[in-house]
Amino acid sequence: MPDRSDRPSVAFVGLGNMGTPMSVRLVGAGYAVTGFDLSQDARAAVAAAGARTAETAADAVRGADVVILMLPSSTVVEAVLGDPTVADALAEGSTVVDMSSSDPLSTRRLAAGLGSRGVTLVDAPVSGGVKGAERGKLTIMVGGAEDDVERLSALLETMGTVRRAGPVGAGHALKAINNLLSATHLLATAEGVLAGERFGLDPAVMVELINASSGRSGSTDNKFPNFVLPGTYDSGFGMKLMVKDMRIAVDLAQELGVASPLSGSAVEIWERAVEELPDTADHTEIARWTFERTADRKLVTG
Ligand code: NAD
């Protein structure tokens with residue numbers, strides 16, 4: 001049994017596709033983890049891996065040195081941290097680590113509010129998907145003061161590689177921009193593969209050769225070979241969550257006075273797909289939707 005004496009106690013709120021494997025890795029590394037999720041099934045899954053579980057978010061965070069959040073959005077993060085029972089239970093001197101893909105402007109506001117009560121906020125969103133979470137191979141983009149990040153580094157390294165992005169909010173800004181690029185690549189790849197197939201190219205050959213050329217991306221390297229070409233569309237990252245991230249990035253650019261005509265068009269197309277597909281659609285379904293929706297239509301009509 002690993003020695004727990006020198007490790008901070010951890011509350012983990014949000015035990016979904018990502019939060020479950022991430023919290024399970026912490027348990028495996030010897031951290032005392034108390035998990036909370038609205039879903040009873042999610043709580044049962046982490047309890048089976050050796051975590052304690054709580055019936056409310058306030059009970060989970062009470063007395064914890066570090067509170068990790070892995071929630072869908074800033075709206076939910078704000079609701080959890082704004083709940084007066086949670087606010088009362090957060091110990092002075094504790095650190096909240098928001099690993100969700102949140103809105104950086106909301107994160108800055110929350111950091112200021114928590115700071116006035118002696119609670120530190122660090123943002124540490126991740127890239128690498130469910131597989132990366134299971135293997136402890138996430139890229140963790142951390143925003144926060146250097147000594148706060150340093151204090152958390154051993155704990156975070158249980159889940160992946162720590163990369164400092166800058167001050168608080170920087171991780172969330174970087175993550176949203178990363179996902180805007182990733183989603184735009186995925187859509188462009190679907191359009192390109194569809195046109196190539198119409199020309200008579202084999203999609204698998206296209207992806208293989210693009211991966212040896214300058215058009216390669218996470219979409220050609222990972223998403224097409226693993227989820228699109230086999231037709232499984234099951235990466236474990238929901239389409240609605242991807243569109244939320246794209247919106248954060250495009251809105252942030254607008255707020256900062258930066259025009260984003262290309263990515264602005266991409267997010268509008270993704271938003272149409274969200275409207276037409278079931279709530280549970282995986283984000284890789286954007287490729288199937290593109291194939292089906294555009295297959296027999298001339299989009300450029302002049
Ligand atoms: P998910 O929908 O699978 O999990 C979210 C969990 O939060 C659910 O179990 C839900 O019950 C829980 N929840 C919602 N409201 C709650 C509340 N008020 N209190 C407690 N629990 C609550 O989502 P996910 O895929 O695990 O993603 C979580 C975050 O990580 C999102 O911000 C997402 O954008 C980001 N992310 C996801 C991936 C991925 O591949 N899935 C990769 C990188 C980042």
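Counting starts at 1 for both ligands and their atoms, following the listed order.
- Given atom 16 (C) of ligand 1, the protein heavy atom at minimum distance is Leu38 CD1, 3.5 Å.
- The side-chain heavy atoms of Leu26 and Ile68, taken from C-beta on, include a pair separated by under 4.5 Å.
- Among protein heavy atoms, atom 4 (O) of ligand 1 sits closest to Gly16 CA, 3.3 Å.
- When every heavy atom of Ser127 is checked against every heavy atom of Lys175, the shortest pair comes out as CA-NZ, 4.0 Å.
- Short contacts between ligand 1 and Gly129, defined as distances under 4.0 Å to a heavy atom of the residue, involve ligand atoms 40 (O).
- Looking from atom 3 (O) of ligand 1 to the surrounding protein, the closest heavy atom is Asn17 N, 2.9 Å.
- Of the listed options Asp245, Asp41, Leu71, Val77, Leu71 places a heavy atom closest to atom 31 (C) of ligand 1.
- The closest protein non-hydrogen atom to atom 40 (O) of ligand 1 is Phe237 CB, 3.2 Å.
- If you look at Lys244 next to ligand 1, the close heavy atoms, those under 4.0 Å, all belong to the side chain.
- In terms of modelled atom types and a separation under 3.5 Å, the side chain of Asp65 and the main chain of Ser94 share no donor-acceptor contact.
- Interface of Phe36 with ligand 1, defined as ligand atoms under 4.0 Å from a residue heavy atom, comprises 19 (N), 20 (C).
- When only interatomic distances are considered, the shortest N/O to N/O separation between Ser39 and ligand 1 does not fall below 3.5 Å.
- Between Val76 and ligand 1, no pair of N/O atoms sits closer than 3.5 Å.
- In this pair, Phe291 and Phe224 present their aromatic rings perpendicular. The plane angle is above 60°, beyond the 30 to 60° band.
- Here the straight-line distance linking atom CZ of Arg117 with atom CD of Glu92 works out to 10.0 Å at 0.5 Å rounding.
- The closest approach between any non-hydrogen atom of Gly236 and ligand 1 is below 4.0 Å.
- The heavy atom nearest to atom 30 (O) of ligand 1, out of those in Arg43, Met70, Met99, Met22, is found in Met70.
- Nearest approach of Lys244 to Pro72, heavy atoms of both residues: NZ-O, 2.8 Å.
- At most 12 heavy atoms of other shown residues, nucleotides or ligands fall within 6.0 angstrom of atom CZ in Arg135.
- A distance-only check finds no donor-acceptor pair linking the side chain of Asp37 to the backbone of Arg43 [under 3.5 Å].
- At least one N or O atom of Asp37 sits closer than 3.5 Å to an N or O atom of ligand 1.
- Listed by first then second residue, pairs satisfying salt bridge (charged side-chain N to carboxylate O under 4.0 Å, His left out) with a partner in residues 147-159 read Asp148-Arg151, not counting sequence neighbours.
- Annotation for ligand 1: atoms under 4.0 Å from non-hydrogen atoms of Val126 are 43 (C), 44 (C).
- Of all protein heavy atoms, the one lying nearest to atom 26 (O) of ligand 1 is Met18 N, 2.9 Å.
- At least one heavy atom of Pro72 lies less than 4.0 angstrom from ligand 1.
- Atoms of ligand 1 lying under 4.0 Å from at least one heavy atom of Ser100, given by number and element, are 32 (O).
- Residue contacts with ligand 1 for Ser101 involve both N, CA, C or O and side-chain atoms from C-beta outward (heavy atoms, distance under 4.0 Å).
- Proximity of Phe237 to Asn179: side-chain heavy atoms (C-beta onward) are separated by under 4.5 Å at one or more points.
- Here the rule is side-chain contact (heavy atoms from CB on, under 4.5 Å) with Thr220, and of Val193, Leu186, Val228, Asn211 only Asn211 fits it.
- Among all non-hydrogen protein atoms, the one lying nearest atom 23 (O) of ligand 1 is Leu241 CD1, 3.6 Å.
- Other members of the cluster containing Leu174 are Met141, with ILVMFWY side chains joined at under 4.5 Å, either directly or via other members.
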